[in-house]
Structure formats: C-alpha cells, structure tokens
2 protein chains.
Amino acid sequence: MNIGEAAQASGVNAKLIRHYESIGIIPKAARTEAGYRVYTETDVNILAFVRRARRLGFSMKEIKKLVGLWRNRTRASSDVKALALQHMKEMEQKIEELQAMVKTLRHLAKNCHGDHRPDCPILEGLADSRLNT
Amino acid sequence: MNIGEAAQASGVNAKLIRHYESIGIIPKAARTEAGYRVYTETDVNILAFVRRARRLGFSMKEIKKLVGLWRNRTRASSDVKALALQHMKEMEQKIEELQAMVKTLRHLAKNCHGDHRPDCPILEGLADSRLNT
DNA sequence: GCTTGACCTTCCAACCATTGGAAGCTCTAG
DNA sequence: CTAGAGCTTCCAATGGTTGGAAGGTCAAGC
C-alpha cells in the first residue's frame, strides 16, 4: 500500500501522514527501491487511531503517548485513564470559559439596538475598564 | 508615556503592543527623537479595548474591525451587533463540539478499570472503526 | 563625567497542527 | 513514448504570542 492508498484507508491526508512520521508520532514507513513509502494494515490502524484521538481533541503530544500505550501490550490501563481524565478536565474548563464569554457578549448585545444609530453598548462594554477581569 | 508605562496601564505586554502595531491593529505610535514610542491616554484606551476583546475570544481580524468601528463615531450599531452575534454563534458551536468530545471520552473512561491491567476500553474505543465519524 | 542597570529599538525564531506550493522523480495506461 | 497522476523533499504560511540576541538610550549614583 502506498501513501495515497493508506491516506484513503485511514482518513488521514497523505501530506499529514508524512508530517506525523517526521515528528515521530508514527513509526517510519518502509520504502520501495524507488523511495516510495509502503504501508501495512497495522500502519493504517495506527493512522486511524491518531485521527480519532485528534478528533477528540487530544494534542499531538498526548497522542504520541497514547500511540505508545496502544502499541505496548503491557501498559497499565491506569496510564490511559489518567490521560483521558486529564484531557476531559481541560476540555470542561475550556467549555466554562467559552460559556462565560458568550454570557458576557449576550448581555452586551441584548441592549444594542442593532440599527443605524452609532450608540452601541457592546463597544462601550468593551471599553469599560470595569470589565477588566 | 513610553511603551513600558503604556503596557503597565493597558495590561498589554510591551512586546505585544509592538506586534499589534506591526500588523496594523493599532495606529502607529509617535516617536521621540531617540526613536522611543510615545503613548497617550487614548492609545492606552485602545490597547485595553483590544485586550478585553481578545479575552472575549474575538480573533485579531475581528478586533481590527471592532477597533475601526470603535474609533469611528458614525458607525452603525448594527455592524457591531452582527459581529458580536456571529462570534457568539461560533463560540456556541465550539462549546457543543467540546461537550460531545467530553461525552464520548466519559463513556469510554467509565468502563476502564484504571489499574495495572492492560485492558482499556479507551484505547479500544479509539481503535474502533465504528467511531469513525 | 562615567559606570551601571533598566529600558528601549529591530529582527529572527519558536510554539501547534495543518495546508499549500515548487521542483523533480516514478509509475501506469494508452 | 508520452501524458498525467502520484510520489519525493524542502520551504513557507496560517494565528497569536513569546523568547532571545544585539545594540542604542535613559536616569541614578559615585
């Protein structure tokens, strides 16, 4: 399987596959005599694994760890769980931050006429030093 | 006021102030004979405005627009409101995405022993092609 | 007046994850 | 044999910020 077919099968862009290899996320692919990368079913599984983890918002650093744990049959499930729980915590924090931002903006927008007049509580709110925090 | 004092007063890092100037977010500061940037109260207000908008998650591109509208006394409030509502919509979408990620991870983690055993539903879930979407 | 140290200047590079392009080689079909 | 699709490497850009290096300038103390 060459890189294009592996990309098709795994859902990971060919360009991205090379990038993942270059930064050590995935093992270096074997090559043909002409220098083309060659992939096995296992390689495709790893790539799909990376893609799913990425879609769940894991950073490449975290994914590197996860791939290592995945390939290691003697890993402890506690290692994986800790990584997942930590990641969940960070995402929940991010959600709270975003919700606070939306709340503030909604409050400001509520009192904005939204017409041709220049008065705008949104801008005034942004300019208000009491909003410093 | 030099850049350090302006940074102190506005809460925006001196380094970042230069950066904002270089990418045209804020107007070019006046200079002393020696080349030092000089800031007025108005400049500090703009910087603080940028900082608050940034903290509400606006992109620099959006902030560039907002600063323009803020400095323009004949702007229509509808322009600002549209920008704010669009931004809120994007943040709400992001929140939903994150919540879906957390939900999936929570589900996977629930069945993970989290001990020394290698069995781990989290990794199995990530490797499961049914999770492709 | 001279040194010291804090501040200022510019420019260049790094972070993260991805995407794009250019230039050149290799394969496959007609 | 040629066309074009696909492969190779390398370099650059995105966005927002931070860091450092190398050098000029200011204010205070001696």
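Throughout, protein chains are lettered first and strands after them, A, B, ... in sequence-line order, and every chain is numbered starting at 1. Please read these numbers as outputs of a predicted model, since none were measured by experiment. Hydrogens, waters and symmetry mates play no part in the numbers below; they use all other heavy atoms, side chains included.
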Report task. Describe the nucleic acid contact of A/S59 in one word from base, sugar-phosphate, nothing, applying a heavy-atom distance below 4.0 Å. Result ->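 Result for A/S59 = sugar-phosphate.
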Report task. Give one of base, sugar-phosphate or nothing for B/F58, where a contact means two heavy atoms less than 4.0 Å apart. Result ->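 Nothing: the residue B/F58, judged by heavy atoms under 4.0 Å, touches no strand.
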Could you tell me how far apart [X] ([atom1]) and [N] ([atom2]) are, to the nearest whole angstrom?
X: B/E62; N: D/dG15; atom1: CD; atom2: P; answer: 12 Å
X: A/R54; N: C/dT19; atom1: CZ; atom2: C1'; answer: 14 Å
X: A/K64; N: C/dA17; atom1: NZ; atom2: C1'; answer: 14 Å
X: B/M1; N: D/dC26; atom1: CE; atom2: P; answer: 18 Å
X: B/M60; N: D/dT14; atom1: CE; atom2: P; answer: 15 Å
X: A/H19; N: D/dA12; atom1: NE2; atom2: P; answer: 16 Å
X: B/N2; N: D/dT25; atom1: CG; atom2: C1'; answer: 11 Å
X: B/L16; N: C/dC15; atom1: CG; atom2: P; answer: 19 Å

N or O in side chain of [X] less than 4.0 angstrom from [N] OP1/OP2:
X: A/Y36; N: C/dC25; answer: no
X: B/R18; N: C/dC8; answer: no
X: B/R31; N: D/dG24; answer: no
X: A/R37; N: D/dT8; answer: yes

Query raised in the report: Would you call B/D115 and B/R117 a salt bridge, using N to O less than 4.0 angstrom?
Result: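 Yes, B/D115 and B/R117 are salt-bridged.
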**Report entry** Which residue lies more 5' along DNA chain C, comparing B/G4 with B/K15 via nearest heavy atoms
**Finding:**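 The residue closer to the strand's 5' end, by nearest nucleotide, is B/G4.
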Requested in this report: Please determine, by modelled atom types, if A/D43 and A/T40 share a side-chain donor-acceptor pair under 3.5 angstrom.
Outcome: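 The answer is yes; a qualifying pair exists.
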**Report entry** Exercise: do A/E97 and A/Q93 side chains pair donor with acceptor under 3.5 Å
**Finding:**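 Short answer, no.
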**Report entry** B/K61 or A/E5, whichever maps to the more 5' nucleotide of DNA chain D
**Finding:**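 Taking each residue's closest nucleotide, the earlier one in sequence belongs to A/E5.
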**Report entry** From CG (B/D79) to CG (B/L69), nearest 0.5 Å
**Finding:**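 Answer for the CG-CG pair, B/D79 versus B/L69, is 5.5 Å.
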Requested in this report: When you get a sec, tell me which of D/dT8, D/dT25, D/dT17 is the closest nucleotide to the side chain of A/I3?
Outcome: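 The listed nucleotide nearest to A/I3's side chain is D/dT8.
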**Report entry** Side-chain donor or acceptor of B/H87 paired with backbone N/O of B/L56 under 3.5 Å
**Finding:**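 Judged by distance alone, yes, a pair lies under 3.5 Å.
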